[in-house]
Amino acid sequence: MMKCIAIDDEPIALNIISQYCRRRGGLQIETYSSPRLGMQRIREWQPDIVFLDIEMNGISGIELARELPLSCCLIFTTAYAHYALEGFEVNAVDFLHKPYFYDRFDRAVQKAEQWLKMHDLLSVSEAASRQLVLKVEYKNVTISIDTILYIESIDNYVKIHGTDGKTVLSKITLRSLEEQLPQGEFIRIHRSFLVPKKRVAKFSRSEVVLVKSGKSLPVGKKYAEDAMMLLGKEEG
C-alpha cells in the first residue's frame, strides 16, 4: 500500500484524486486544502507520492515542492500548462493538467511507481508481495500482479490474461486465487471474472471495458451492486 498526500485548495480536485485512488487500489490517500497543514503532514508521515497543485491562493506549489523530502515522488496537478518547465526543475515525475481523467491519472501513478522502484524506495518485501506463484502443469510460474489485465475462471482452472497478451492457465479456483491478491485492488464482477480496478476504463451495471485493450467483460447481476460501489459512480 503506497502512501499518498494531495494538496489543493479546490475541494472538487481533492475529491477526484480520492476517488481515483480508491478506484485504482493500493493507494492510501490523505487530502489537504491547507498547504501549511499538508506540508506538516508530509514531514511527519513521509508519503510515497505527493499530488501538489501549483497555484493555491497566492501560495506557489513550485516553492513548496522544493521543501519536499527527497523520498517523495512528486506529481503536479495544475490548470496551467506553462508551469511544466519549472515543475521539471523540481523533479516532478509527471503533470496532471486539469481537468484530467482516470486513464491519465493511472499513467501518472505508474510513472511514480517506476520512480520509486528506480530509487529503491519500495521495499523488497513489498515487491515480493506483488507476485503470484502458481502451478502450471508440473512447474511453478511467477506472475507479476501489476501485469494482470483480468482473470477468468474456467471450471476448476483460472486463466490469467496479461497486459502483454499472454495467458497462464493454472488449476486453482477463482475464490482461492482471489484470497492471494492484494486486498482492495481487484473486483469480482462476475462468477467467471475478476478484474484489477486500475484496468477498468469504463463501466456500467452490465459491463466493464478494460484500458488499452478495449476488452469488454460482463458484470453479473449478483455482483453489480458491489462492483458499482467499489468503482464509483456509474459511467454508462
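These numbers come from a predicted model, not from an experiment.
When hydrophobic residues (I, L, V, M, F, W, Y) are linked wherever their side-chain heavy atoms come within less than 4.5 Å, Y138 remains an isolated member.
Under the 4.0 Å criterion applied to side-chain N and carboxylate O atoms, D106 and K212 are not assigned as salt-bridge partners. R175 has no carboxylate O lying under 4.0 Å from a charged side-chain N of E178, or vice versa, which leaves the two without a salt bridge. Of the charged side-chain nitrogens involved, at least one lies within less than 4.0 Å of a carboxylate oxygen, so that E113 and R24 count as a salt-bridged pair.
One distance of note links CG of L37 with CZ of R41; it measures 11.5 Å at 0.5 Å rounding. A distance of 14.0 Å separates NZ of K202 from CG of L231, quoted to the nearest 0.5 Å. Rounded to the nearest 0.5 angstrom, K135 NZ and L169 CG are separated by 14.5 Å. Atom CG of L217 and atom CZ of F203 lie 14.5 Å apart (nearest 0.5 Å).
Closest of all the heavy-atom pairs between D9 and N57 is OD2-N, 3.2 Å.
Side chains of Q131 and T142: no donor on one and acceptor on the other come within 3.5 Å.
Checked by atom type and distance alone, the side chain of D53 never pairs as donor or acceptor with a backbone atom of I7 at under 3.5 Å.
Taking the six-membered ring for Trp and thresholds of 30 and 60 degrees, Y20 and F105 have ring planes inclined between 30 and 60 degrees apart.
Under the rule for a salt bridge (Lys or Arg N to Asp or Glu O under 4.0 Å), the partners of R104 that lie at least two apart in sequence or sit in another chain are D94.
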